[in-house]
Amino acid sequence: MTAAIELTNVSKLYRKYSGRQFSTLKSALLQRSILKDLRPNETFPALTDVSFAVSRGSTYGVIGRNGSGKSTALKLVAGITKPTSGTVRVDGRISALIELGAGFHPEISGRENVYINGIMLGLTKRQIHERFDEIVEFAELREFIDAPVKTYSSGMYMRLGFAVAINVDPDVLLVDEVLAVGDEGFTHKCLDKFSEFRRRNKTILLVTHSLNLVEKFCDEALWLDNGRAMNHGDPKRVVGAYLSAVEQSEEQLMAATTAKALREHDGQAGPVAQEGQEPQEQPADPTTNMFEATEGRWGSREVEITAVSFVAGDGQPSHIFHSGDAMAVTVSVRAKHPVDDFVFGIGFFNAEGVCCYGTNTYLEEMNPERLAGAAEATFLVDSLDLVEGTYKVDVAVHKRDGAPYDYHRLLYTFRVKSRVHDVGIYRPKHRWRFAGDVTFGAVK
Amino acid sequence: MFSNLANLLRYRGLISSLVARELKARYRGSMFGFFWSFINPLLLLLIYSFVFTNIIPNQDDKTKPYALFMFCGILPWTWFATSLSDAAGSLLAGGNLIKKVLFPAEVLPIVNVLANMVHFFLGLTILIAFLIFYQKMPDPWDLVWFPIAVAIQLVFSTALGLLLAALTVHFRDIRDILANLLTLWFFATPIIYPHFQANVQKFKPLFNANPFTHLAISYQEILFFHGPIGHWKWLLGLGAASIPLFLVCYWVFDRLRDSFAEAV
């Protein structure tokens, strides 16, 4: 098979002009620096040494975070911009679904816009005439086709743009995140159209954030990060690699959030400063203030929390957990002098500030006798049955009457990921059972 | 560059449909619609007639009726001036096309020049109606020169339009400079005063250096003045100069082409 699209060592530098100098002709003339200013003084690499080939008739997915260079790659393939170095070769007629309905004129009717848009995309008047009904049918706009485009809703606008672009009958179709525009039904129609393209041995280059789509639909995938090709090949493998990288960076973000929260609230309630604490900052009974989600740290520090760590089931410290994983929260403390009145407490809050779960050793009827020196309390969860989301954590050591030794309010963050996008606060362990004539088809 | 230039021929279908769109969209939603293309020059002509017969009556017999004389120069000037100011902003206005679609950018300024040419032709019908009304029928042999003058103006305006369009992408202030420059240029061209006036003759070399002088005088001689076209040498000279000018402007446009998608 020959390649329909081939990028060889392609780099693209965007220029960053230091705006002020270049903004006016006057200053450029006065400083006699037009030529100098025309040269960029700073560049930004959007793509660095990217090579890939898409064989004819295959569907190729490009994934990556925002700003990773996906759209730039697509624009290079479309020929809208030129590579700074390297070569881009495309075989056959291209239709780019990059900005749907770019070039529609709002004042004139949908009908006239279809003709002009079609001509812009390289069709002749006759060809458009032949395909006109099909285009209008596909866009589901029969009754509005003679109304000016400015009266269209954004969905109608996109549908018409999509219908024209897809009917150009390209050899290579470039798709940039356009499936997000229509309603469910239209999205299916688009996917069907793509499948038809595949059957007719056309090449599709797809840029998307929908990893499901890539896994189901693409023959190969490319993962771009910071303008570099990180991985390419089998979609399942590439998506997996991408996901674990995303998790890693989220993990770093969580760790950074936690560190920042600790830094901000550290030292504010040292053993000495504690005298100056405002009374309202020291809730007599933590449970009454449990639902007031403000971060903070307070307490007498007779017993001090020195570290809090989250450990996943595999024994690795982590801030990302999958729903149903095991999790252990270890609270390290140090008592300045032995105490006999102490309670370890922990609470989980979701992003809305709702307490998902809270408990302490006193509620669970553990009778404190002695705590001295350095010690650890570990809260073990066998199965973290929370729905997907970001959670904040309270940890505290206090007296039985609630007087805090060290109260860490919402200073720790962890994230729960889940393949099931169920909703609510927690996920009870569950199954489904059906009786009667109930069948389910294959997963969509 | 030359292959791009040859491509331009392939885009003639695109250009013609875009010109049609431009004209259609222009008056969409207005009550008189397309008639404005006639009404505008008509009203302008009536105003000038009133002013120059009743308020500042003109003495020179050769330029009577004065309003009609001016109109012969103002119509092509309007085509020229609006073409340039539209073309200068054309790439910015069509930014969506340049950034998102593989689109030959030079089509945009060309469409502006052509759409304004259509307006010029429509205004011309008003001019002809009044020429007949005042019984100042142009000499049919003179009229042979008319398409030549139009063709030369077309090449000249397109050349400047391309250059301005390309430069305006990088220097936005060109549009403001251009607006003022065009006013100056209008008064520096013998349009509202005849070129044979004594005080114009004093600055003859300066006037000759102004390319639009030759177009304006040619139109006036073709449409208004009787007698042979005395200015044809200048006109053809301008035509000969317009072609290399067009190539130079197109070359500049072509050189800057790749920067449009990023700078618009």
Side-chain angles (χ1 to χ4, degrees), chain A residues 12-17 22-29 34 37-38 40 46 71-72 74-75 77-84 90 94-109 112-113 115-126 128 148-150 161 165 174 176, chain B residues 4 7 10-30 33 88 93-105 107-108 111 115 164 166-178 180-181 252 254-264:
Chain A
K12 175 74 189 174
L13 293 174
Y14 279 118
R15 299 151 205 199
K16 283 201 270 188
Y17 299 100
F22 198 62
S23 59
T24 63
L25 182 60
K26 192 189 98 202
S27 63
L29 284 173
I34 290 194
D37 285 355
L38 272 169
S71 293
T72 301
L74 210 60
K75 280 186 182 175
V77 174
I80 295 169
T81 49
K82 301 266 179 298
T84 312
V90 182
I94 305 175
S95 181
L97 301 183
I98 294 182
E99 175 112 340
L100 295 173
F104 278 176
H105 196 297
E107 291 286 346
I108 63 177
S109 72
E112 287 163 306
N113 268 311
Y115 276 92
I116 289 174
N117 212 236
I119 289 171
M120 277 181 199
L121 297 176
L123 292 177
T124 63
K125 264 207 165 94
R126 263 244 323 275
I128 301 168
V149 163
K150 68 176 174 187
L174 309 177
D176 188 0
Chain B
N4 279 333
N7 266 341
R10 280 199 317 146
Y11 297 132
R12 59 186 186 278
L14 176 62
I15 292 174
S16 63
S17 53
L18 283 176
V19 170
R21 178 182 88 171
E22 198 71 28
L23 296 173
K24 269 182 202 158
R26 176 104 162 227
Y27 297 121
R28 199 43 71 91
S30 64
N96 223 0
L97 288 175
I98 295 168
K99 271 190 290 191
K100 309 287 185 179
V101 188
L102 185 55
F103 186 86
V107 164
L108 292 172
V111 163
L164 288 169
L167 292 180
T168 306
V169 171
H170 291 289
F171 304 100
R172 308 278 160 118
D173 18 19
I174 284 181
R175 278 186 296 183
D176 296 294
I177 297 172
L178 184 67
N180 294 300
L181 198 67
V252 172
D254 209 45
R255 280 295 299 270
L256 291 172
R257 179 190 304 274
D258 290 343
S259 67
F260 295 156
E262 285 159 42
V264 160

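Keep in mind it's a predicted model, so treat the numbers as computed, not measured. Reminder, nothing fancy here: chain letters follow the sequence lines and each chain counts from 1.
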**Report entry** Under 4.5 Å from any heavy atom of chain A - which part of B:Asn96
**Finding:** both
Query - Minimum side-chain heavy-atom gap A:Lys125-A:Ile119 below 4.5 Å - result: yes
**Report entry** Heavy-atom check, side chain of B:Glu22 versus side chain of B:Leu18, under 4.5 Å
**Finding:** no
Query raised in the report: With side chains defined as the heavy atoms from C-beta onward, is the minimum distance between A:Thr72 and A:Tyr14 less than 4.5 Å?
Result: yes
Query - Nearest non-hydrogen partners of B:Lys99 and A:Lys75, listed with the distance - result: O-CE, 3.6 Å
Requested in this report: Side chain from CB out, backbone as N, CA, C, O: work out which of these in B:Ile98 comes under 4.5 Å of a heavy atom of chain A, or both, or neither.
Outcome: backbone
Query - Under 4.5 Å from a heavy atom of chain B, the part of A:Leu121 involved - result: side chain
